[in-house]
Amino acid sequence: MLKSLKIVAFLLLVITLGFFYGFACRQNIIPYIFYISEGKLFNGFILMNKGFNPIQGWSNSTEASSVKDNPLLETTIAPPSTTVTPALRSVSEVLKEGNGIIFLETSDRLQLPPLVLCAVESAARVYKDRPVAFFLKGLNDTNTEELVKRHFPTLSSFRNVYFFPLKLKELFIGTSLHSWYKKINPEVEKYWVHVSADGCRIALIWKYGGLYLDTDIISMRTIPKQNFIAAQSSQYSSNGVFGFFPHHNFTQECMEDFVRNYNSGIWGHQGPYLFTRVLKKFCSETKYNDTEDAMCGNITIFKPERFYPISYPSWRSSHLHGCRMTCYLWN
């Protein structure tokens, strides 16, 4: 008898949930979704609100509330609205405070793997009071909003996530990389997607300041420094995560070295090796190792385990292949 009652209760629950889901879809309100990153479920909400602009964010007339829970699972929810979508905001307006979180995609793809989406979403949740700017080469000025809604429904629900077309020529104007870009031929470059990404991240942080993150970094908590780089080992620096004030001397020198010592035929020469060269020039007497953080003037050099808790050889031989960096580790 008890077993039969449990079965009936379960069926009623399923029917009720099915009715609610169907009603939600018809009314364009919040269906709940899951997507997988690193073998774990990561929760998110899609907000199918007609008044929401994925480039602008929520309009001033829309009141938002937050889910009070684990910070990593916290998301922003807004009630339905029929307000008119406001004008799009420019890059300089969004990043004017110099505290933005910047991601890049230098290929033309818009069908991005779950790890990339999870990386951007985790940053939006952890840095919920700061703008998260995602620059994609596959976007353009004519239909950016349409493409964002189609390809990134979950990310576009976050009021602090902004999408921008990545326009290299426009980005490099006014920087030391402009002369290099004018004469380069991407068709003959062996690692163009990676080399162009190396140049773009430096130019963006030099122009606007803030924090750059590779799209395989899952944010667990905020980084407590503004001017910093991360050591990849006791001998090499990483360019996969770094942060600086706008027009910092370090990023300026990185751009000059990028052009002066350009050699795209060597993997990493324009990326981690470049950061290592410039760091040695800035701090020839600074010794950093894989056990302690170090200082170079006003630049913090984080020890490898802060961002690389799994060594490269271990990563290559493990099931984590494809997720190079997983979190920030602080004492």
Side-chain angles (χ1 to χ4, degrees), residues 90-104 106 123 127 129-135 162 164 166-168 170-181 195-215 217 219 222-232 236-262 268-288 293-304 306-307 325 328:
S90 66
V91 176
S92 57
E93 183 182 357
V94 170
L95 300 178
K96 64 182 178 181
E97 300 297 331
N99 66 343
I101 316 300
I102 294 175
F103 291 92
L104 284 175
T106 52
Y127 297 95
D129 297 323
R130 295 166 60 175
V132 176
F134 196 1
F135 293 84
Y162 301 85
F164 298 105
L166 178 61
K167 295 178 280 189
L168 275 66
E170 182 178 305
L171 171 61
F172 293 141
I173 291 176
T175 75
S176 300
L177 297 178
H178 190 220
S179 60
W180 159 80
Y181 183 71
V195 169
S196 61
D198 290 333
C200 286
R201 69 189 68 182
I202 303 171
L204 283 166
I205 295 299
W206 179 82
K207 273 191 170 183
Y208 303 110
L211 168 63
Y212 169 81
L213 296 173
D214 271 351
T215 53
I217 296 181
S219 300
T222 59
I223 300 175
K225 299 292 182 181
Q226 291 179 297
N227 295 314
F228 76 91
I229 60 175
Q232 188 166 310
Y236 295 102
S237 171
S238 163
N239 73 331
V241 51
F242 61 95
F244 286 98
F245 292 142
H247 300 166
H248 195 281
N249 289 339
F250 185 87
T251 48
Q252 175 62 42
E253 179 60 31
C254 282
M255 291 191 294
E256 294 177 6
D257 187 283
F258 190 102
V259 177
R260 183 171 57 246
N261 297 308
Y262 185 72
H269 186 79
Q270 303 303 120
Y273 297 158
L274 181 150
F275 270 48
T276 302
R277 292 194 301 270
V278 174
L279 182 63
K280 289 180 178 178
K281 181 181 296 186
F282 268 66
C283 310
S284 57
E285 298 181 359
T286 299
K287 303 296 182 182
Y288 64 94
D293 298 332
M295 291 297 298
C296 168
N298 71 340
I299 302 173
T300 300
I301 307 169
F302 286 122
K303 59 185 179 181
R306 298 289 195 194
F307 301 94
M325 292 174 282
Y328 313 141

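Residue numbers start at 1 and run along the sequence shown. When reading the values below, keep in mind they use all heavy atoms of this one structure, side chains included, and skip hydrogens, waters and symmetry mates.
- Ile205 CD1 to Cys254 SG: the interatomic distance, rounded to the nearest 0.5 Å, is 11.5 Å.
- No side-chain donor-acceptor contact under 3.5 Å links Thr251 to the backbone of Ile202.
- Listed for the Asn99 side chain is no donor-acceptor partner under 3.5 Å among the backbone atoms of Gly210.
- Partners of Phe228 by side chain to side chain contact (heavy atoms under 4.5 Å, CB included), not counting sequence neighbours, listed by chain and number: Leu211, Ile223, Lys225, Val241, Thr300, Phe302, Phe307.
- Considering CG of Leu274 and CG of Asn261, their distance stands at 8.0 Å, rounded to 0.5 Å.
- Although no hydrogens or angles enter the test, the distance criterion places no donor-acceptor pair under 3.5 Å between the side chain of Arg201 and the main chain of Tyr212.
- Atom OG of residue Ser237 and atom CD1 of residue Ile229 lie 3.5 Å apart, to the nearest 0.5 angstrom.
- A salt bridge does not link Glu253 with Arg277: every distance from a Lys NZ or Arg NE/NH1/NH2 to an Asp or Glu carboxylate oxygen is 4.0 Å or more.
- A ring-centre distance under 6.0 Å is not found for Phe242 and Phe250.
- Counting non-hydrogen atoms of neighbouring residues, nucleotides and ligands closer than 6.0 angstrom, the CD atom of Gln252 exceeds 12 such neighbours.
- Centroid-to-centroid, the aromatic rings of Trp206 and His248 stay 6.0 Å apart or farther.
- Between the side chain of Arg306 and the backbone N or O of Ile301, no donor-acceptor pair lies under 3.5 Å.
- With contacts defined as side-chain heavy-atom distances shorter than 4.5 Å, the pair Leu95/Tyr162 does not qualify.
- With rounding to the nearest 0.5 Å, the separation of CG in Leu171 from CG in Leu166 is 6.5 Å.
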